[in-house]
Structure formats: structure tokens, C-alpha cells
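Every number for a ligand or one of its atoms is a count from 1 in the order of the listing. Count residues from 1 along the sequence. Predicted model only: the values in this text are computed from it and were never measured. The analysis underlying the following values was restricted to heavy atoms, covering all of them including side chains, and did not include hydrogens, waters or symmetry mates.
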Amino acid sequence: MCGIIGYVGKSEAVPILLDGLERLEYRGYDSAGVAVVSPESELRVVKTKGRLSVLREHLEQQDPLRGTIGIGHTRWATHGEPNDTNAHPHIGQDGKIAVVHNGIIENYLEIRELLERKGIIFQSETDTEVIAQLMEYYYRKLGNLMDAVYAVLGRIEGAYAMGILCKDFPGQMIAARKDAPLLIGYGEDGNYIASDVTALLRYTRTVTYMEDGEVAVLTADGVQIFDQDRTAIDKPRHTIEWDVSAAEKGGYAHFMLKEIMEQGEAVRKTISPRVHDGRVVIEELAGMEPYLQGLRKICIVACGSAYHVGMIGKYALERLLRIPVDAYLASEFRYSEPLLGDDTLVIVISQSGETLDSMAALREAKKRGSKVLSIVNVVGSSIARESDITLYTWAGPEIAVATTKAYTTQMALLILLGVYCAECNGKIDAEERKAILDEFDKLPEKIDGVLSDLKIYQEAAARYFNQDSVFFIGRNLDYALGLEGSLKLKEISYIHSESYAAGELKHGTISLIEPGTLVIALATYTPLIEKTRSNIVEVRARGADVIAVATEETAPYVKDQADELMILPKTHPLLQSVLGVLPLQLFAYYVALNRGCDIDKPRNLAKSVTVE
Ligand code: F6R
């Protein structure tokens, strides 16, 4: 979603802002802009609808925007269509204050009407302009910029991360945050703000995460941070371990392909710190055995692909722990008055750690007395910080909008967690634990093996990329896997696709199967392979073309029914979906490539969804 970058220092700001915005492009946006305070203390803003290349063209057509302090923004439209006027930064009527903002100001209409009654004329339809206008209003009234900032923060409701410039203070940038990510970067040449660490990696790895209610004042020489009562506070600085290359394409045509190919290594990084001497060791859960032994229920809450991991988790954890485990969509869970308590563990799964619905579900769960354990990729993100226990996937930055390595590492970590809890609760014997952990050990290698030959996926995609509609079917873990395969395909190729429990098709959906319809049959789950085979036979009988994804063990059951057969190495049944998703990611990728889609930045989508 929207991205923020800000810089104050000794170098020209615009190149740094544009570079930072480029690194935030992956989050999804439809307009972009920058503001600087010039050496003559003029506030200059250039902003436009469209990609950053359009902003660059606009900048080239003007007198150069000089200045060593500036803010930049990529906007993903919420209030008001994507156009030049609604793009950020927004300035107040006096042209003194410029603001970039991520989040939503819920009471903006009420404030706007109030300011309009006072004669203030608004330029845009956005909620953000309300911040700029209100700040100028208070600045005029109170005569002090920080008083004005705090007055605005006291008046607005909703979520925000914001960067503020005022031409009367040409060496100072102000930042504020509530319920939207914002971090401060400390560089040799100046200081930075950004909504996402990838924007800063080129300039610094030393950062501080801002917390809700905090306000920061940045100059070229230092940073002061204040809490919501305006008391100066000291905050720890963190070193980001990711290097710049982790956030670059490294020779691949797309980040998505790079991230697919990184999955062996990513899963290795997730697993290896947590398996020692044939046992799962989760340090973050040390001393919590009595709590885990008292658990009566687990709720897994997440959105999109992370929810699909939750579906896998439901099957896997229920089998391991023999207690009820359910997966919930965070956007539903938060409003469902969930039945929770201290004997229920809520597991929130999120790559970005910033998804608003998942964050709200987390808060709801805590309010209702449950502990929250989160599985998160982005270190220091909001969900990670608000959870009682946070387990990081250590997958490295995921830039492509469509998740791949986050999905596989989340799944690996969730199953590892299941084994750990099962052991705590005496629900797993040494033999089964060994069988699973032996396969965990071989998993990265098996992933690399599957990814070493892409021909079959390229050929299948070349054959089927013109489909109007694709159906995925599978049973049990394969059903959960199909949900992810279907989402991957539709989000990047724009082909309509649906996923069904294979036994459910005949209750309605089978009427959509006609000669030539593509059905992708997931047939990796050995215990139900004969049932799955029957369902494949049913769709074949109606003329469907079938791609079957099977294992060395299940392939013989389905090979006579498949137009294409993708065979995976066998692993422990609980881990099979980690391998099973690879053909689905690759098929989706190559289909989208054949269709000429913008794979890393699919239309209308954003990497981290910070609105409801
Ligand atoms: C799909 C995808 C999304 C995310 C969902 C949750 O490829 O990436 O469905 O899984 O928006 O995002 P996080 O994991 O950041 O909470």
C-alpha cells in the first residue's frame, strides 16, 4: 500500500526520495509525489498520477527541485480517485506545511466541514489534506509548530504514519505514527523516515521503530523522539541484517521468480535454528510448558495466503495435538465475537506484520483473554511487537506482491510449532517425532530438487495460459493447498479460478465443467488418494483437461487420468504441502508471463494491506 520516505541531511533530497520510492514500488501504488524545502525556504511539491517514471518526467520538466530536506510518497488510493490532485504530499492553504500520510483518518469529513466553515478551501478529496490544513490552522492559531502537531494528533482519529515539513523550519522534518508502520533511519549523511525498511537499506541499516503515539523531530545532525505526553524518550536502535542484494532481483526477470527459487534456503533458515539434537527447540516458548499443556483450543487467524497456511495448520495441528484447531479470516474473526479465553491460543500469521485486519484480530484476541503467538516475517513489524510471543520466519525481504517464500516458511514454522506443542503435551512419540524431523532436515534439498527443472511448468503454462477459468480440487491438506494455488493463479494472471474440496464439486460446481475446462487436481495426500482419483474421473468424464500434482507414491493412482502429471518427491504427509505448492506457484508465474501480466505488481493489489 502507500509508501513513505523522508530525508534530512547534507545531500540533495530528491534523488534519495526517488530511490526510496522505487524500493517501495512493490507495495502497490497509483500515484506518487515529493516535496522539498529549498535553500531559499520555499516549499515545492511535484506529484502525479501513475508510475514513478511519470513523476521523474515531471521533475525533469521543471526547475530542479533543490533542497537537502524532503518527503516522498507512493499512494494507493482510498479516499478519492488516483489523480494528480489527490496524490501526496498535501499542503495547507498557506503553502507552509506539507504532509505525506499512510493510513486512514476516520473523522476527516467532520474536520473538513469545520475547516471549510472557517473559509479554508480544500484542493483534494483526500483524508490526508485534512491533516495539512488542520496543522496550518493550529500553527496559525498557536504560533508553535510542535503545539500544532500535538493538537492535530489529539484531534484526528484513525491510523497514520506521517512525515511533515514546514517551510518556517527548513532544517527539520517531523514524523508521527499510530497504527501504521514508520521507522527512523540513522545515516552518515543525514537521517531518514520510511514506512518500510527496504526504502532505507541503501543508506543505513541502523533504525528505530516508532511506536503508536510517538512523534520524532529529525534534523541533519540528530533525532529526538517524544512520547504522546511530549516527554523526550530514548529508544533502542536496531541493526537490520538484510543486505541490499536481498531486496534486488539478482538477475531474475521478476522478484516473484527469485523468491520462488529462494525457498529452499528460506525454509532452511526457518527450520535450522529450531531443530537441535533431534528435538524442536523454540526458545520463545521456554518455560511455557504448563500453559501449552492447558490449551483446549487453537484459533489461527490471518488473511489471504497466510490464511491458507492457517488451513494447512488446521489439518496438521489437529492431527498432532488432538485439540480443536480452526482457521479464521482475520476480517471475519474480529467482528465475530469469538469465543476465546486463557485456554485458547490465537496464532496470527502475517508476512508483513502490518495487515490491519490481522492486527485488529490480534487486539480482539488479547482483549478476550487469549495469548497471541504470531508467525511473522518482517522483523519489528506491528504484529510482531504486539504479540505475546513472536516467531520469525527469517525468509528475508519478500518484494513480489504475490507471496511465495513467506507462505512456505510460515507453513514449515507452523508445523514445527505443532511438533513442539505435541511433545510438550505428550501427544507425539519419539518415532513419529523422528520421522517428521528427518523429513524437515531433507526438506530444503527436496525443494531445491523440485525447483531445479522448470520445463514441465513452462510447457504446461504455454499450453493452458489462454483458459478463461481454472478449477483446483483436492482433499484434506490438498484442499488447503488448492486454495493457495487458485489465489496465486488469479492474482497474477487475472484468470478466473476457484478451489474446491474435491468431494464438494458434485454439489453444484461440477455444472461449470465442460469440454476443455482446466482442472488442477492436487493428489499428494496419500490416505485419500483413491477418493481423489474418483473425483478426477468425474471431471474427466465431463471433458475437463486435468493437470495432476502427485507424489512418487500417489502418481500411479492418477497418471492414467492426467493430461499433465507433475510428480513431487515424497516427504512426511504433514510436510507434503510445502513441496506441493511449488508447481502451483511456478504454473501461475509462467501463465502470467505468457499473458504479459505485470507479475510483481498485479493490478489493484498491494503488498501490505493496511486498510480494512
Ligand atoms: C497473496 C498475498 C496476500 C497476503 C495477505 C496477508 O499472494 O500475498 O493474500 O497473504 O494480504 O498479508 P500478510 O501476510 O502480510 O499479513
Side-chain angles (χ1 to χ4, degrees), residues 1 26-28 76 179-181 195-198 254-257 259-260 263 266 300-313 327-334 346-362 372 374-387 390-393 395-411 413-414 480-494 497 499 581-582 584-589 591-592 597-612:
M1 299 223 128
Y26 77 96
R27 295 171 64 101
W76 189 85
D179 291 340
S195 50
D196 182 327
V197 72
T198 46
H254 295 95
F255 278 110
M256 183 176 175
L257 185 58
E259 288 158 9
I260 289 174
Q263 289 179 105
I300 309 177
V301 185
C303 304
S305 295
Y307 164 74
H308 299 155
V309 173
M311 288 288 289
I312 299 267
Y328 297 88
L329 292 165
S331 53
E332 290 294 314
F333 181 82
R334 59 183 293 198
V346 174
I347 301 179
V348 174
I349 306 177
S350 174
Q351 188 286 129
S352 63
E354 301 295 349
T355 303
L356 189 87
D357 284 320
S358 304
M359 176 58 123
L362 177 159
V372 175
S374 64
I375 293 182
V376 174
N377 191 36
V378 177
V379 176
S381 54
S382 307
I383 290 176
R385 282 179 294 130
E386 284 203 25
S387 302
T390 302
L391 306 183
Y392 286 115
T393 42
E398 191 179 68
I399 306 291
V401 164
T403 186
T404 52
K405 63 178 178 174
Y407 173 88
T408 38
T409 53
Q410 285 161 355
M411 200 187 329
L413 186 46
L414 190 57
L481 187 59
L483 295 171
E484 177 60 6
S486 170
L487 178 61
K488 266 318 62 102
L489 182 67
K490 69 186 127 197
E491 69 180 331
I492 61 168
S493 75
Y494 316 142
S497 157
S499 177
V581 77
L582 305 174
L584 311 184
Q585 296 170 342
L586 286 162
F587 179 71
Y589 174 79
V591 166
C597 299
D598 189 353
I599 294 180
D600 282 339
K601 295 188 281 283
R603 69 184 179 210
N604 304 337
L605 294 181
K607 182 66 182 164
S608 126
V609 184
T610 48
V611 294
E612 236 187 281

Identify which one of Met256, Glu259, His254 satisfies the side chain to side chain contact (heavy atoms under 4.5 Å, CB included) criterion when paired with Ile399.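 Exactly one option meets the side chain to side chain contact (heavy atoms under 4.5 Å, CB included) with Ile399, and it is Glu259.
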
Under 4.0 Å between a side-chain nitrogen and a carboxylate oxygen: does that hold for Asp598 and Arg603?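 Looking at Arg603 together with Asp598, the answer is no, because their closest N to O distance does not fall below 4.0 Å.
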
Would you say the side-chain atoms of Thr408 pair up with the backbone N or O of Lys405, donor to acceptor, closer than 3.5 Å?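 Side chain of Thr408 to backbone of Lys405, a donor-acceptor pair under 3.5 Å: yes, one is there.
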
Can a donor-acceptor pair be found, under 3.5 Å and without considering hydrogens, that links the side chain of Glu484 to the backbone of His308?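 Not at all, since once roles are kept as given, no pair shorter than 3.5 Å links the two residues.
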
Chi angles and distances behind the side-chain hydrogen bond (donor to acceptor under 3.5 Å, both in side chains) call for Ser499, Ser486: CA-CA 6 Å; Ser499 177; Ser486 170; 5.5 Å; no

To the nearest 0.5 Å, what is the distance between OG (Ser358) and CD (Glu386)?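 Ser358 OG to Glu386 CD: 12.5 Å, rounded to 0.5 Å.
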
Can you name the residues that come within less than 4.0 Å of ligand 1, going by heavy atoms only?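 Lining ligand 1 at under 4.0 Å, by heavy atoms, one finds Cys303, Gly304, Ser305, Ala306, Ser350, Gln351, Ser352, Thr355, Val401, Ala402, Thr403, Leu487, Lys488, Glu491.
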
